[in-house]
Amino acid sequence: MSIEVKVPVLPESVADATVATWHKKVGDRVTRDENLLDLETDKVVLEVPAPADGILTEILFKEGDTVQSSQILAKIEAGSAAPQKETAAAPAQSEQSSLDDKSASPAVRRMLAEHDLQPGQVVGSGKDGRLTKEDVVSFIESNREKTTAKPETKPASNVPAVPMGTREERRVPMTRLRAKIAERLVQAQHNAAMLTTFNEVNLKAVMDLRAQYKDNFEKKHGVKLGFMSFFTKAVVEALKRFPAVNASIDGQDIVYHGYFDIGIAVSTDRGLVVPVVRDADQMSMADIEKSINDSATRARQGKLSIEEMQGGTFTITNGGVFGSLLATPIINPPQAGILGMHKIEDRPIVEKGQIVIRPMMYIALSYDHRLIDGKESVQFLVAVKELLEDPSRLLLNI
């Protein structure tokens with residue numbers, strides 16, 4: 001009996017998907033719920049499992065093809081006889097390869113496919129022998145050095161010397177997520193009157209508080225006390241004071257949101273994604289840290305759902321983890337504001353007439369000037385600054 005493998009029903013906001021990677025080929029035996037292929041949308045990577053045990057008899061779309069909801073991707077002959085018996089070594093190798101392939105992330109599997117590699121060729125250094133992106137890169141670089149190494153030859157005196165090194169170029173299609181990011185960034189700059197205001201924050205009080213309680217915090221809540229929970233709490237409190245920064249424009253209307261869903265930008269191998277912390281005003285700092293850690297982990301594994309990245313009212317992005325000292329973040333439409341965090345750096349400042357060294361961070365607020373006035377934007381950023389420089393204000397709500 002032939003069974004059809006179909007594209008899952010895509011959400012309304014996703015028109016189509018691209019076949020990213022096939023993990024099986026025609027003639028391969030598949031088991032129920034085994035991942036057959038990855039579909040890439042402009043938001044997430046979807047895994048398509050086998051609906052039944054059998055033999056993959058037909059593949060209707062190749063990698064790079066665009067497909068839509070419920071289209072037939074492949075056909076499986078259910079209950080087919082097992083393939084001819086192979087040598088003892090071959091099944092073991094196939095089993096190990098399948099195990100490695102399942103445990104690898106979509107980004108690693110895509111890299112393996114791009115370089116025509118099998119998971120069994122690369123030794124994994126991750127947990128339980130799992131392959132990481134660094135393992136694949138190291139393997140590729142190691143092989144490249146071996147294949148490009150040639151005996152040194154002395155050029156003839158009448159022949160011009162050839163420049164050393166290679167001038168390699170590689171052209172690859174832009175991923176759906178990267179293309180969507182590019183589209184939204186251009187849209188934000190075209191459709192909003194975007195301005196950015198800056199300030200700096202003395203984080204000594206926050207760092208002292210973390211140093212004092214981080215061990216007890218982690219022991220009690222099972223999660224580390226980071227900077228993001230402080231910034232999220234400060235942003236929520238500032239948004240309560242300046243509702244326009246938490247609003248959005250819909251046609252000729254201003255939509256004021258009576259809730260605080262804060263998007264936290266996360267960098268992944270596929271690009272930047274923004275999972276949303278829902279009702280952040282009702283969460284404790286431990287709950288915020290757990291939510292951010294969980295979302296960031298699943299974002300890097302490509303396991304976030306589309307719903308988890310929709311509906312935010314304000315966004316926080318932290319370029320400081322990569323060493324950025326100062327930058328102007330771009331608004332995430334239809335939101336009206338985004339806060340950019342940057343690198344913490346010891347700098348001399350003046351306190352009570354004395355020059356002292358303090359851990360300072362530049363912060364930036366990009367905002368839609370159609371909705372938010374300059375005075376309001378500056379006051380919002382000052383409120384965030386004051387709440388972080390004296391965290392007791394968060395507890396006393398002042």
Side-chain angles (χ1 to χ4, degrees), residues 11 13 43-46 105-107 127 177 181 201 203 206-207 209-210 213-240 245-246 248 257-322 329 331-342 344 361 363 365 384 387-388 391 393-395 397:
S13 60
K43 296 181 183 294
V44 295
V45 173
L46 302 175
S105 68
K127 184 178 180 181
L177 177 60
I181 290 172
V201 181
L203 289 175
V206 169
M207 296 181 74
L209 200 59
R210 287 182 69 235
Y213 294 109
K214 65 178 182 180
D215 293 336
N216 291 337
F217 186 91
E218 184 173 2
K219 183 178 180 180
K220 180 176 181 178
H221 300 291
V223 65
K224 292 183 179 179
L225 178 59
F227 288 104
M228 290 305 301
S229 55
F230 285 96
F231 272 83
T232 302
K233 280 292 187 182
V235 161
V236 167
E237 182 58 36
L239 289 173
K240 291 178 180 178
V245 186
N246 195 49
S248 60
H257 305 292
Y259 50 89
F260 303 90
D261 292 349
I262 308 301
I264 306 295
V266 176
S267 176
T268 72
D269 292 336
R270 298 174 57 242
L272 193 71
V273 297
V274 188
V276 178
V277 178
R278 309 284 179 187
D279 296 316
D281 58 315
Q282 302 176 25
M283 301 174 70
S284 67
M285 295 184 72
D287 291 335
I288 291 174
E289 291 289 355
K290 290 176 183 177
S291 178
I292 292 174
N293 288 346
D294 175 65
S295 297
T297 299
R298 290 187 296 111
R300 295 185 178 103
Q301 294 172 348
K303 296 181 178 180
L304 279 180
S305 67
I306 294 174
E307 291 74 17
E308 292 177 282
M309 295 183 284
Q310 292 179 329
T313 60
F314 187 87
T315 295
I316 302 174
T317 180
N318 185 5
V321 295
F322 305 109
I331 297 170
N332 185 19
Q335 298 171 19
I338 179 172
L339 180 75
M341 300 166 55
H342 300 94
I344 301 173
M361 175 192 285
I363 56 175
L365 173 70
V384 172
L387 290 164
L388 290 169
R393 289 173 176 265
L394 291 171
L395 178 63
N397 193 25

Reference residue V273; test side-chain contact (heavy atoms from CB on, under 4.5 Å); the match among R298, M309, E308, R300: M309
Closest approach of G337 and I331, non-hydrogen atoms and distance? N-CG2, 4.4 Å
For S284 and D287, run side chain to side chain donor-acceptor pair (under 3.5 Å): C-alpha distance rounded to whole Å, both residues' side-chain angles, the deciding distance at 0.1 Å, then the answer. CA-CA 5 Å; S284 67; D287 291 335; 3.1 Å; yes
Report yes if some heavy atom in the side chain of V277 is under 4.5 Å from a heavy atom in the side chain of F260; otherwise report no. no
In the structure I gave you, are the side-chain heavy atoms of V274 and I264 within less than 4.5 Å of one another anywhere? no
Atom pair NE2/CG of H342 and N318 - distance to nearest 0.5 Å: 8.5 Å
Donor-acceptor contact present, side-chain S229 to main-chain E289, <3.5 Å: no
Residues F217 and A286: closest non-hydrogen pair is CZ-CA, 3.6 Å
Kindly say whether M283 contributes a backbone atom to a donor-acceptor pair with the side chain of K233 at under 3.5 angstrom? yes
So, does S295 use its side chain to make a donor-acceptor pair with the main chain of S291 at under 3.5 Å? yes
Testing the basics here: between L209 and P391, what is the closest heavy-atom pair and its distance to 0.1 Å? CD2-CB, 4.1 Å
Please examine the side chains of F227 and R210, heavy atoms only from C-beta on, and report whether any two atoms are closer than 4.5 Å. yes
Report the distance from atom CG of L339 to atom CG of L365, rounding to the nearest 0.5 Å. 6.5 Å
Lys/Arg cation over aromatic Y259: R278, 6.0 Å, 45° cone: no
dist I288:CD1 -> T232:OG1 (nearest 0.5 Å) comes out at 5.0 Å
With no hydrogens and no angle check, is any side-chain donor or acceptor of K290 less than 3.5 Å from a backbone partner on H221? yes
Working to the nearest 0.5 angstrom, can you tell me the gap between F314 CZ and N246 CG? 8.5 Å
Could you report the tightest heavy-atom contact between L387 and A238, atom names first, then the distance? CD1-N, 4.3 Å
Output yes when a side-chain donor or acceptor of Q335 lies under 3.5 Å from a complementary backbone atom of T315, and no otherwise. yes
D261 side chain to D279 backbone, donor-acceptor under 3.5 Å: yes
Test M341 against T317 for side chain to side chain contact (heavy atoms under 4.5 Å, CB included), laying out the working first. CA-CA 6 Å; M341 300 166 55; T317 180; over 6 Å; no
Output the distance between atom CZ (F231) and atom CD1 (I292), rounded to the nearest 0.5 Å. 11.5 Å
Is any side-chain heavy atom of L272 closer than 4.5 Å to one of T268? no
Compare all side-chain heavy atoms of F230 with those of L203 and state whether any distance is below 4.5 angstrom. no
Any L239 side-chain heavy atom under 4.5 Å of I262 side chain: yes
Within the supplied structure, the quantity of interest is the number of heavy atoms (other residues, nucleotides, ligands) at a distance under 6.0 Å from K214 NZ; does it exceed 12? no
d(H257 NE2, T313 OG1) to nearest 0.5 Å is 6.0 Å
